[in-house]
Amino acid sequence: MQKYIIEPIKELKGEIEVDGAKNGILPILAASLLSTEPCVIHRVPSLKDVSVMLEIIRHVGAKVERNANSLNITVPEIKDSEAPYKYVSQMRSSFDVMGPLLARTGLARVPLPGGCAIGERPIDLHLKGFKALGAEVEFGHGFVQAKADKLVGADIYLDFPSVGATKNIMMAATMAEGVTIIENAAKEPEIVDLAIFLNKMGAKISGSGTQTIRITGVDELKGCEHSTLPDRIEAGTFLIMGAMHKSNLLVKNVVPNHLKPVIAKLIECGVTIEEEGDDLRVINDGKINAVDITTLPYPGFPTDLQAPFMALLCLADGNSTILETVFENRFSHVSELNRMGAQIKIEGHSATIKGTTKLQSADVKATDLRAGAALVLAALAADGATTIHEIHHIDRGYNELEKKLRNLGISISRV
Ligand code: EPZ
């Protein structure tokens, strides 16, 4: 098991670059299964999750060529409509291949993804959508199977604006007969970017980014070329890192609009955020006001930045509260932050953070991707060298993190 040893810093100056979005590229790789023609995708981050998704699409029939951070993917035929357990068990969003396989071959078999550290993570909304499109859905031997001779467009209302269900139903409906309407759809930027990619392939999708998405089925999809959108969660993590110190940090390659709720909360904390084209500058004199946060589906405050923001609020002047409304079990970082001298109490889905002046160095462990990021930020604000264990979680979603932090003069070593 690898671990990080991180030394604290006094101030933060310089610039740091944001890569293509993990949660943007994964569904796009799955969507490339929808066509027999080549799809060329640029700004592909070298993340663990991306490698897993590439293994899955290769298994079902994709030919993948990599050239630096671009991929050329061609799927002349689907050889196997079953995604292997050994890969799916490593990453929940493998389930994104369900919709494309069903649309392309009329059959998709994927191991049940199961829960993870942050929640039960059911797939009922995905399956409700596939059934509405006319698929027969069965469970057996740890797999879920969806089968249909022909998919037919339908009106589908989502009980919750699930990102995963919106992506899967949108991809399945691209080649269904007639029109599909997804009501109460997820509005995340990654959904919009996926719709842009699918429309480049010849799909007819309108309304992405709103709660009503309309898909008019087409007979077939062609190849296309696309660049992955910048990772708003990576960008948010770096902005929060800047806010935790006396700083003047430029976060490069960002879409500021995608970070509105985060920027608003940072400004409420007393931090200065300046827009410079596709970059955001965070300036702080080290003082942090306490604030209250409620996580919500986009455009609300992103649950993926809840843990990193909690690390910031540990240093705030006063008491803050965080209400987590998207996932039922996303406070596993609290006990680790409390090991570093934070004072956080949990009651149900709410956490109260009593601000303190300094965090203490300690041995802590990453329990999931964003919890791990929060511990890296906390370590930079501690009173000595901190050791973070189980950093494989962090590798799943932050590309070349050590190199980027070292370029800012930060002492971080992987052992
Ligand atoms: C995506 O997960 C992201 N993952 C998550 O990021 C992110 O936290 C989440 O959206 C919310 O923004 C990827 O894009 C790969 P959901 P997803 O379906 O699609 C419930 C990270 O750190 N639900 O919107 O799984 C579910 O249990 C990861 O990068 C159902 O009840 O999220 C949860 O409580 C973590 N039934 C809520 O909806 C369903 O069928 C949100 O889930 C589907 C979801």
Side-chain angles (χ1 to χ4, degrees), residues 19-31 45 47-50 52-53 56 88 90-99 110 112-132 137 144 146 156-172 182 184-194 211 228-229 231-237 258 261-262 295-309 324-330 332-333 349 366-374 393-399:
D19 275 289
K22 169 182 84 74
N23 295 345
I25 184 69
L26 295 175
I28 282 175
L29 294 177
L47 298 169
K48 179 88 180 19
D49 281 8
V50 170
V52 173
M53 185 61 94
I56 294 172
V88 176
Q90 294 176 48
M91 178 183 74
R92 282 189 46 75
S93 32
S94 321
F95 204 67
D96 289 356
V97 299
M98 197 85 185
V110 177
L112 280 169
C116 76
I118 65 177
E120 270 310 303
R121 308 196 62 186
I123 50 167
D124 55 315
L125 301 174
H126 300 239
L127 304 182
K128 194 175 151 198
F130 297 148
K131 285 181 193 158
V137 174
V144 56
I156 299 165
Y157 175 82
L158 294 180
D159 300 338
F160 182 89
S162 152
V163 173
T166 303
K167 293 184 287 185
N168 245 331
I169 296 167
M170 195 161 71
M171 292 189 278
I182 306 176
N184 196 26
K187 297 182 264 196
E188 273 69 2
E190 294 78 23
I191 296 284
V192 176
D193 201 54
L194 176 60
Q211 63 181 38
T228 318
L229 82 171
D231 194 321
R232 63 192 167 101
I233 305 300
E234 185 189 19
T237 306
H258 293 170
V262 183
T295 67
L296 289 165
Y298 190 88
F301 189 93
T303 171
D304 294 347
L305 287 173
Q306 178 255 99
F309 215 99
E324 173 57 61
T325 73
V326 178
F327 287 105
E328 70 274 19
N329 180 30
R330 201 166 203 180
S332 54
H333 42 283
H349 297 305
T367 46
D368 65 74
L369 166 59
R370 309 304 172 182
H393 290 291
I394 301 172
D395 292 338
R396 297 189 45 202
Y398 291 91
N399 188 28

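If you're wondering where the values come from, they're calculated on a predicted model, not measured in any experiment. Each ligand, and each atom within it, is numbered from 1 in the order the structure gives.
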_Any carboxylate oxygen within less than 4.0 angstrom of a Lys/Arg side-chain nitrogen, looking at Glu190 and Arg232?_
yes

*Measure across Met53 and Ala30 and return the closest heavy-atom pair with its distance rounded to 0.1 Å.*
CE-CB, 4.4 Å

*Looking only at heavy atoms, what is the nearest atom pair of Leu47 and Gly397, with distance?*
CD2-C, 3.6 Å

*Please check if the side chain of Asp49 supplies one atom and the backbone of Met91 the other of a donor-acceptor pair under 3.5 Å.*
no

*Residue list, salt bridge (charged side-chain N to carboxylate O under 4.0 Å, His left out) with Glu188, at least two apart or on another chain*: none

_So, taking the atom named OG1 in Thr325 and the one named CG in Leu296, what distance separates them when rounded to the nearest 0.5 Å?_
4.5 Å

_Given a heavy-atom cut-off of 4.0 Å, could you list the residues near ligand 1 in chain and number order?_
Lys22, Asn23, Ser93, Ile118, Arg121, Pro122, Ile123, Asp124, Leu125, His126, Phe160, Ser162, Val163, Gly164, Lys167, Thr303, Asp304, Val326, Phe327, Arg330, Leu369, Arg370

